[in-house]
Number of protein chains: 2
Amino acid sequence: MQTDTLSAAFAALADPTRRAIIARLAEGEASVNELAAPFDMSLPAVSKHLKVLEKAGLISRGKEAQWRPAKLEPMAMKSIADWLEQYRRFWESSFDRLDGYLQKIQKADDSGRGN
Amino acid sequence: MQTDTLSAAFAALADPTRRAIIARLAEGEASVNELAAPFDMSLPAVSKHLKVLEKAGLISRGKEAQWRPAKLEPMAMKSIADWLEQYRRFWESSFDRLDGYLQKIQKADDSGRGN
DNA sequence: CTCGTATGTAACTTTACGGTTAAATAAAGG
DNA sequence: CCTTTATTTAACCGTAAAGTTACATACGAG
């Protein structure tokens, strides 16, 4: 398991089950049983997924009697969004404009292919 | 390796080396040797990382003589950005407003804890 | 054709991931 | 106290990831 926070967040979201859990939690807190319901998967497996999400800072766990409801922690998602933001221009510009932009910023970087 | 495109993209970006490669490619195309230079890692290892990025649709490879320069493919990053977008309100709202919002949308979803 | 450069493939190792079942822990409620 | 419900921990398994070294392939230049 990676230690840096961005890697952990990306890795956590790489699993469709965990993304589905996130989607469910966007509608509000939920217990492990509630979260596990949609999945054809044992409870411990879901519990593990929650632990991954928690370590990645994507969720936090509460405590109410014997329940430990999970809830979204937005900041880890924000750090991914922030990371992505620096590349937004690559998909938002038209390809032509992007090519122009790249050629421009590459003028300085014109050190040939040799290594 | 996951087959769905979003999982593959998240997984690919979960590795710091691959994110560094992406960062480098944001400045323009580069050969494997150029990309490998900053890393204390064998060339085949970098080649593998490129293959992961390519399978995830994050980069594409060209062919110029014996070089196979890599370049960014923005659309895979866009699909991650789009996925994240649906959660933006969670980190952009103030926590108070968010709580209010959540309580509102949870009225319908008020099925207790039992399972 | 041969050499050097650039890159990819094969085989292997170590470690992590995602799942399982069985048992343990925690808390509420008769 | 004993039981039920909710959840976690432990031990295990199979597969995939990330790296290595050694070898193979591709191409241009002499």
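If you're wondering where the values come from, they're calculated on a predicted model, not measured in any experiment. Chain naming here is simple, since letters A, B, ... match the order of the sequence lines and numbering starts at 1 in each.
- Taking each heavy atom of A/A8 and A/A56 in turn, the nearest pair found is O-CB, 3.6 Å.
- Phosphate contact (OP1/OP2 of D/dA17, side-chain N/O of B/H49, threshold under 4.0 Å): absent.
- Minimum interatomic distance between A/R68 and A/R61 (heavy atoms only, all atoms of both residues): O-NH2, 2.7 Å.
- Taking side-chain N and O atoms only, A/R61 has no distance below 4.0 Å to OP1 or OP2 of D/dT7.
- Minimum heavy-atom separation, A/A30 to A/R24: CB-NH2, 3.6 Å.
- A distance-only check finds no donor-acceptor pair linking the side chain of A/S31 to the backbone of A/P69 [under 3.5 Å].
- Summary of helix geometry: the two end axes of the helix from C/dC1-D/dG30 to C/dG30-D/dC1, each defined by five base pairs via their C1' atoms, are inclined to each other by 10° (rounded to 10°).
- Contact check, A/N33 against D/dT7: a side-chain N or O comes under 4.0 Å of OP1 or OP2.
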What N/O pairs connect the protein and nucleotides 20-22 of chain C at under 3.5 Å? Give each pair on its own line.
from	atom 1	to	atom 2	distance (Å)
C/dT20	OP1	A/S42	N	3.4
C/dT20	OP2	A/S42	N	2.9
C/dT20	OP2	A/S42	OG	2.5

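- Legend: residues meeting side-chain hydrogen bond (donor to acceptor under 3.5 Å, both in side chains) with A/S60, ordered by chain and number and at least two apart, are A/E73.
- The minimum heavy-atom distance between A/R89 and B/A26, with the atom names listed, is NH2-O, 4.1 Å.
- For the pair A/S47 and D/dT8, the criterion of a side-chain N or O lying under 4.0 Å from OP1 or OP2 is met.
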Atom pairs and distances, donor-acceptor, side-chain atoms in residues 74-85 of chain B, under 3.5 Å, two or more places apart:
from	atom 1	to	atom 2	distance (Å)
B/K78	NZ	B/D82	OD1	3.2
B/K78	NZ	B/D82	OD2	3.1
B/S79	OG	B/A76	O	2.7
B/E85	OE1	B/R88	NE	3.4
B/E85	OE1	B/R88	NH2	3.4
B/E85	OE2	B/R88	NE	2.5

Residues 35-53 of chain B, side-chain donor-acceptor partners within the protein, below 3.5 Å, at least two apart:
from	atom 1	to	atom 2	distance (Å)
B/S42	OG	B/A45	N	3.4
B/H49	ND1	B/R18	NH1	3.1

In B/S/- notation, 5' to 3', how is nucleotides 25-30 of chain D contacted by protein heavy atoms closer than 4.0 Å? -SSS--
